Undergrad: 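Take a look at the following structure, please.
Computed from a predicted structure; not experimentally measured.
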Amino acid sequence: YLNPNLQLREVSRKVFTNKTYISYVLNNNISMNFNQFVNYFRIKHACEYFIRDKSLSINDLYVMCGFNSFVSFNSYLLYLWVHKIINISQ
C-alpha cells in the first residue's frame, strides 16, 4: 500500500485472482472499494509515523505513505475522520 502506483490489476496478479473478485470481496465484506481500502491503510500508516515522530511535516507524511499529492492525502484523511472510521484527535 505504500507504493503510490499500486493498482488493483497488480494486486490481483500477485494473489492469483481477478480484479472483479477482489472488488467483490472488498465491497461485500468491508463496504470499501480498492482505493478506499488502500488509502485507509496509508492514512493509518501516516498516523503511526506521526505518533512516533511529531517533527514530520505533512509533505513528508503523504510521500512516505504512498499518496501522490497532499490534496489526495488530505481529502481521504478528512473522509475517514468525518465518517468516524479513524480517530485523528488522539
Side-chain angles (χ1 to χ4, degrees):
Y1 61 89
L2 298 178
N3 175 357
N5 300 312
L6 183 65
Q7 295 182 355
L8 178 55
R9 174 179 15 140
E10 176 186 342
V11 172
S12 65
R13 266 191 252 128
K14 288 189 181 208
V15 297
F16 306 104
T17 191
N18 60 53
K19 299 183 305 183
T20 304
Y21 182 73
I22 291 175
S23 293
Y24 174 83
V25 169
L26 291 173
N27 285 319
N28 289 311
N29 290 294
I30 59 173
S31 301
M32 289 184 181
N33 66 35
F34 177 75
N35 289 330
Q36 290 169 325
F37 181 72
V38 170
N39 287 340
Y40 167 79
F41 283 99
R42 288 175 175 166
I43 292 293
K44 189 174 174 186
H45 197 79
C47 291
E48 291 167 1
Y49 264 130
F50 188 69
I51 287 168
R52 279 187 262 143
D53 185 357
K54 293 196 179 15
S55 69
L56 291 169
S57 72
I58 294 293
N59 289 333
D60 294 332
L61 285 172
Y62 86 75
V63 170
M64 292 167 62
C65 296
F67 284 94
N68 287 315
S69 71
F70 169 74
V71 171
S72 60
F73 171 82
N74 194 48
S75 296
Y76 204 70
L77 179 61
L78 183 60
Y79 168 83
L80 291 175
W81 183 62
V82 166
H83 290 86
K84 298 185 183 350
I85 296 170
I86 195 164
N87 183 355
I88 60 172
S89 60
Q90 293 181 342

Undergrad: Any chance you could measure F41, atom CZ, to L6, atom CG, to the nearest 0.5 Å?
TA: 12.5 Å
Undergrad: Stepwise, does the side-chain contact (heavy atoms from CB on, under 4.5 Å) test hold for N33 with N27?
TA: CA-CA 6 Å; N33 66 35; N27 285 319; 4.1 Å; yes
Undergrad: Once you round to the nearest 0.5 Å, how far does NE2 of H45 lie from CD1 of I43?
TA: 11.5 Å
Undergrad: Any sub-3.5 Å donor-acceptor pair from S23's side-chain atoms to T20's backbone N or O?
TA: no
Undergrad: Enter the distance from S72:OG to L77:CG here, rounded to the nearest 0.5 Å.
TA: 11.0 Å
Undergrad: Does NZ or CZ of K19 fall inside the cone over Y21's six-membered ring, less than 6.0 Å from its centre and within 45° of the axis?
TA: no
Undergrad: Could you walk me through whether C65 and Y49 satisfy the side-chain contact (heavy atoms from CB on, under 4.5 Å) test, starting with their C-alpha distance in whole Å, then the side-chain angles of each, then the deciding distance to 0.1 Å, before giving a yes or no?
TA: CA-CA 9 Å; C65 296; Y49 264 130; 3.8 Å; yes
Undergrad: Would L80 and F70 show up in the same hydrophobic cluster when neighbours are defined by side-chain heavy atoms closer than 4.5 Å?
TA: yes
Undergrad: Out of curiosity, F67 CZ to L61 CG, how far, rounded to the nearest 0.5 Å?
TA: 10.5 Å
Undergrad: Same cluster or not: L8 versus L2, using hydrophobic residues (I, L, V, M, F, W, Y) connected whenever any side-chain heavy atoms lie under 4.5 Å apart?
TA: yes
Undergrad: Using every non-hydrogen atom in the two residues, find where Q36 and M32 come nearest and quote the distance to one decimal.
TA: OE1-CA, 3.3 Å
Undergrad: Kindly compute the distance separating CZ (F37) from CZ (F34), expressed to the nearest 0.5 Å.
TA: 8.5 Å
Undergrad: Taking the side chain as every heavy atom from C-beta outward, state whether V15 and I22 have any atom pair closer than 4.5 Å.
TA: yes
Undergrad: side-chain contact (heavy atoms from CB on, under 4.5 Å) for Y1 and N39? Distances and angles first, verdict last.
TA: CA-CA 8 Å; Y1 61 89; N39 287 340; over 6 Å; no
Undergrad: Assess the residue pair D53 and D60 against the criterion (side-chain contact (heavy atoms from CB on, under 4.5 Å)); give the C-alpha distance rounded to whole Å, side-chain angles, the decisive distance to 0.1 Å, and a yes or no.
TA: CA-CA 11 Å; D53 185 357; D60 294 332; over 6 Å; no
Undergrad: To the nearest 0.5 Å, what is the distance between OH (Y79) and CG (N74)?
TA: 15.5 Å
Undergrad: Checking the side chain of R42 only, and the main-chain atoms of M64 only, is there a donor and an acceptor separated by less than 3.5 Å?
TA: no
